[in-house]
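Structure first, commentary second.
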Amino acid sequence: MPAGWAIAVHGGAGVDPNLPTERQEEAKQLLTRCLNLGIDALGSSASAIDVVELVRELESDPMFNSGRGSALTENGTVEMEASIMDGVGRRCGAVSGLTTVKNPVSLARLVMDKSPHSYLAFSGAEKFAKQMGVETVENDYFVTQDNVEMLKLAKEANSIVFDYRIPKGSNYESCGTLVESPIHMNGIPISIYAPETVGCVVVDRQGHCAAATSTGGLLNKRMGRIGDSPLIGAGTYACDLCAVSCTGEGEAIIRGTLAREVGAVMEYKGLGLQDAVDFVIKERLDEGKAGLIAVSKTGQVAYGFNCVGMFRGCATENGFMEVSIWD
């Protein structure tokens, strides 16, 4: 029997250890606000699939890399992607290549609920958004000055950058020039590891699970690049056992079908939620760096990551609540 509702949110794995304290607190406050919205909704017996759509709140704030504040492409524009999945019947919806849709996760929900498809991208997704009457804005709305400046640094360093912060350390010069990259993506050295994809996982009082993930992707990414966030089974997954949202090195998450693996080892190996998360982080990422949040149908919450920190928070019906960044 379900043990009560539970919710977890994340704002990305791979955090600059030199991140100013004030920005850490701002991030925690945003995650806390989202958790409180979820707590209120779940306390009113809202369904899991309705609650995970609160990722809209994270998309609307420029703090993280989704919606407004999304990382910029090589052309200085924004291409966003998102997905949502209902463990009831494993229904899902996903979108990629969005340039004008204010809240990508809500368009993903409409793909799931109002179309015969599971995934729409680029011009097709934009056309569907117009047909559905969702709120759209000019692409400039999503662009922040921080990301404009960081794109300039990324181009000067000729590198793909995961986030607009440059870690201070032995591998990087303060001006942003790449000295030695410790991270490789598909065998190619990349610069900064600090993704800030956002996501939410929920189990409601009926034991139904749902997940949602949204991102702007990589800074200075190639036009048309699609990451793990909109890929069902990679960045997002929900079934009758659990719900999972991932963040981190997209290419590694895709190769490991990370989100689905959590449910798979629970189903086939009989592992509990936290043991399943630990196993997947340890055994399925190869040399990739990533993190994930998860809930189970019995009201458990778990998370795991193999990089420096992950913005995250969780709450359960028994009154437990936690918001943290580091180990």
Review point. Is the backbone of E249 close enough, under 3.5 Å, to the side chain of D228 for a donor and an acceptor to pair up by distance?
Key: no

Check your understanding: Is it the case that one hydrophobic cluster holds both I49 and V9, taking links as side-chain heavy atoms less than 4.5 Å apart, direct or via other members?
Key -> yes

Point to revise | Any S47 side-chain heavy atom under 4.5 Å of H208 side chain | key: no

Practice item. Could I get the full list of salt bridge (Lys or Arg N to Asp or Glu O under 4.0 Å) partners for E126, not counting sequence neighbours? Key: none

Point to revise | Donor + acceptor pair across side chains of S214, S66 (<3.5 Å) | key: no

Review point. Can you name the residues that form a side-chain contact (heavy atoms from CB on, under 4.5 Å) with Q145, not counting sequence neighbours?
Key: V148, E149

**Study point:** Contact list for residues 26-44, test side chain to side chain donor-acceptor pair (under 3.5 Å), sequence neighbours left out
**Key:** none

**Study point:** Donor-acceptor contact below 3.5 Å, side chain R312 vs main chain V323
**Key:** no

Exercise for review: Nearest 0.5 Å please: distance from the CD atom of E79 over to the CD atom of E74.
Suggested key: 9.0 Å

Review point. Hey, does the side chain of N306 reach the backbone of K282 with a donor-acceptor pair shorter than 3.5 angstrom?
Key: no

Check your understanding: Residues in side-chain hydrogen bond (donor to acceptor under 3.5 Å, both in side chains) with T213, at least two apart?
Key -> T236, S245

Check your understanding: Hey, quick one: are M85 and I254 part of the same hydrophobic cluster, counting side-chain heavy atoms closer than 4.5 Å, chains of contacts allowed?
Key -> no

Exercise for review: Please name the pair of heavy atoms, one in W326 and one in P17, separated by the smallest distance, quoted to 0.1 Å.
Suggested key: CH2-CA, 3.8 Å

**Study point:** Any donor-acceptor N/O pair, K297 side chain to C239 backbone, under 3.5 Å
**Key:** no

Review point. Among the clusters formed by ILVMFWY side chains lying less than 4.5 Å apart, do V301 and L35 turn up in the same one?
Key: no

Point to revise | I39-L42 co-clustered via ILVMFWY side chain contacts under 4.5 Å | key: yes

Check your understanding: Atom CG of L72 and atom CZ of F142: how far apart are they, to the nearest 0.5 Å?
Key -> 12.0 Å

May I have the list of side-chain donor-acceptor pairs in residues 86-96 shorter than 3.5 Å, sequence neighbours left out?
unit_1: D86; atom_1: OD1; unit_2: V88; atom_2: N; d: 3.0
unit_1: D86; atom_1: OD2; unit_2: R91; atom_2: NH2; d: 3.4
unit_1: R90; atom_1: NH1; unit_2: Y237; atom_2: OH; d: 3.3
unit_1: R91; atom_1: NH1; unit_2: D113; atom_2: OD1; d: 2.9
unit_1: S96; atom_1: OG; unit_2: E81; atom_2: OE1; d: 3.4
unit_1: S96; atom_1: OG; unit_2: Y119; atom_2: OH; d: 2.5

Check your understanding: Do side-chain atoms of Q24 reach the backbone of L19 as a donor and acceptor pair under 3.5 angstrom?
Key -> yes

Revision key, fill the gap. Residues passing the side-chain hydrogen bond (donor to acceptor under 3.5 Å, both in side chains) test with E53, sequence neighbours excluded, are S106, R109

Check your understanding: Linking I/L/V/M/F/W/Y whenever their side-chain heavy atoms sit closer than 4.5 Å, directly or via other members, would L54 and M321 fall into one cluster?
Key -> yes

Practice item. Please list, chain by chain and in numerical order, all residues satisfying salt bridge (Lys or Arg N to Asp or Glu O under 4.0 Å) with E283, sequence neighbours excluded. Key: none

Review point. About how many Å separate CG of N220 and CD of E156, when rounded to the nearest 0.5 Å?
Key: 11.0 Å

Point to revise | Interatomic distance, T247 atom OG1 to F311 atom CZ [nearest 0.5 angstrom] | key: 10.0 Å

Exercise for review: List in chain and number order the residues that pass side-chain contact (heavy atoms from CB on, under 4.5 Å) with A212, two or more places apart in sequence or in another chain; answer none if no residue qualifies.
Suggested key: V52, V55, I84, V105

Revision key, fill the gap. Rounded to the nearest 0.5 angstrom, the CD-CG distance for E317 and D204 is 10.0 Å

**Study point:** For N103, all residues meeting side-chain hydrogen bond (donor to acceptor under 3.5 Å, both in side chains), sequence neighbours excluded
**Key:** R56, E59, S60

**Study point:** Which residues share a side-chain hydrogen bond (donor to acceptor under 3.5 Å, both in side chains) with T257, sequence neighbours left out
**Key:** none

Revision key, fill the gap. The side-chain contact (heavy atoms from CB on, under 4.5 Å) partners of K114 (sequence neighbours excluded) come to L110, F128, M132

Exercise for review: Show which residues join L258 in its hydrophobic cluster (side-chain heavy-atom contacts under 4.5 Å, direct or indirect), or state none.
Suggested key: L241, V244, I253, V262, V265, M266, L271, L273, V277, F279, V280, I281, L285, L292

**Study point:** Minimum side-chain heavy-atom gap L30-L58 below 4.5 Å
**Key:** yes

Review point. Will you find, in the side chains of T77 and N75, an N or O donor that is under 3.5 Å from an N or O acceptor?
Key: no

